[in-house]
Enquirer: 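Have a look at the structure that comes next, please.
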Amino acid sequence: MIVAVVRDEYAGPLTDALTRKGLGATKLSSTGGFLKAGNTTFLIGVRDDQLEEALDAIRGACPGAQVGQGSPKGGKMAPQSSATVFILGVERMLKV
């Protein structure tokens, strides 16, 4: 099971990328992070042999972003993640 918390702007591209690979996902609206920005949380159930394919879809759809850090005079940019991904082992899955 992959739980991916994605910035809202990448939710559409990630949905498309997963669909193209034949991977299903459940999407949940969420809010969090330092700026309390809107996010979309994806619950993606995959077999072990599909894990890297799903992670590739996430990497491709959610490129890293740059945000300003410090005073405007400093002009420094710091990387900001566009997705936070958790990989969980699932003992059992049932569809009822």
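The structure displayed is predicted, hence computed values, not measured ones.
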Enquirer: List the atom of Leu14, the atom of Ala57, and the distance in Å for their closest heavy-atom pair.
Expert: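 Looking at all heavy atoms of both residues, the closest pair is CD1-O, 3.8 Å.
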Enquirer: Identify the two heavy atoms, one from Val3 and one from Thr41, that lie closest to each other, and give their separation to 0.1 Å.
Expert: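 So the two residues come closest at CG1-CG2, 3.9 Å.
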Enquirer: Please find the pair of heavy atoms, one from Pro63 and one from Ser82, that lie closest to each other, and give the distance.
Expert: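 That closest heavy-atom pairing would be O-OG, 2.7 Å.
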Enquirer: Is there a continuous path of hydrophobic side-chain contacts, each under 4.5 Å between heavy atoms, that joins Leu51 to Leu23?
Expert: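 Same cluster.
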Enquirer: Between atom OG1 of Thr15 and atom CZ of Arg20, what is the distance when rounded to the nearest 0.5 Å?
Expert: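 Taking OG1 in Thr15 and CZ in Arg20, the distance rounds to 10.5 Å.
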Enquirer: Do Val5 and Phe42 come within less than 4.5 Å of each other through their side chains, counting heavy atoms only?
Expert: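 Of all side-chain heavy-atom pairs linking Phe42 with Val5, none is under 4.5 Å.
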Enquirer: Can Ile87 be reached from Leu18 by stepping across I, L, V, M, F, W or Y side chains whose heavy atoms are under 4.5 Å apart?
Expert: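 The answer is yes; both residues are in one hydrophobic cluster.
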Enquirer: Does some side-chain heavy atom of Val85 sit less than 4.5 Å from a side-chain heavy atom of Ile58?
Expert: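 SC-SC contact between Ile58 and Val85 confirmed.
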Enquirer: Less than 4.5 Å apart, side chain to side chain, heavy atoms only: is that true for Thr40 and Leu28?
Expert: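 No, every pair of side-chain atoms sits at 4.5 Å or beyond.
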Enquirer: Which pair of heavy atoms, one from Met1 and one from Val90, lies closest together, and at what distance?
Expert: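 Taking every non-hydrogen atom into account, CB-CG2, 3.4 Å.
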Enquirer: State, to 0.1 Å, how close Ile44 and Gly24 come at their nearest heavy-atom pair, and which atoms those are.
Expert: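 In terms of heavy atoms, the two residues are closest at CG2-O, 3.7 Å.
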Enquirer: Is the number of heavy atoms from other residues, nucleotides or ligands under 6.0 Å of Asp48 CG greater than 12?
Expert: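 Open.
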Enquirer: Against Val6, only a single residue in Ser30, Cys62, Pro13 fulfils side-chain contact (heavy atoms from CB on, under 4.5 Å); can you say which?
Expert: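 Of the listed residues Ser30, Cys62, Pro13, the side-chain contact (heavy atoms from CB on, under 4.5 Å) partner of Val6 is Cys62.
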Enquirer: Say whether, by atom type as modelled, one donor and one acceptor occur between the side chain of Glu53 and the main chain of Gln50 under 3.5 angstrom.
Expert: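 Not confirmed, Glu53 side chain does not pair with Gln50 backbone.
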Enquirer: Is there a chain of hydrophobic side chains (I, L, V, M, F, W, Y, each step under 4.5 Å between heavy atoms) that links Ile2 to Phe86?
Expert: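 No, because Ile2 and Phe86 fall into different hydrophobic clusters, even though each may have its own neighbours under 4.5 Å.
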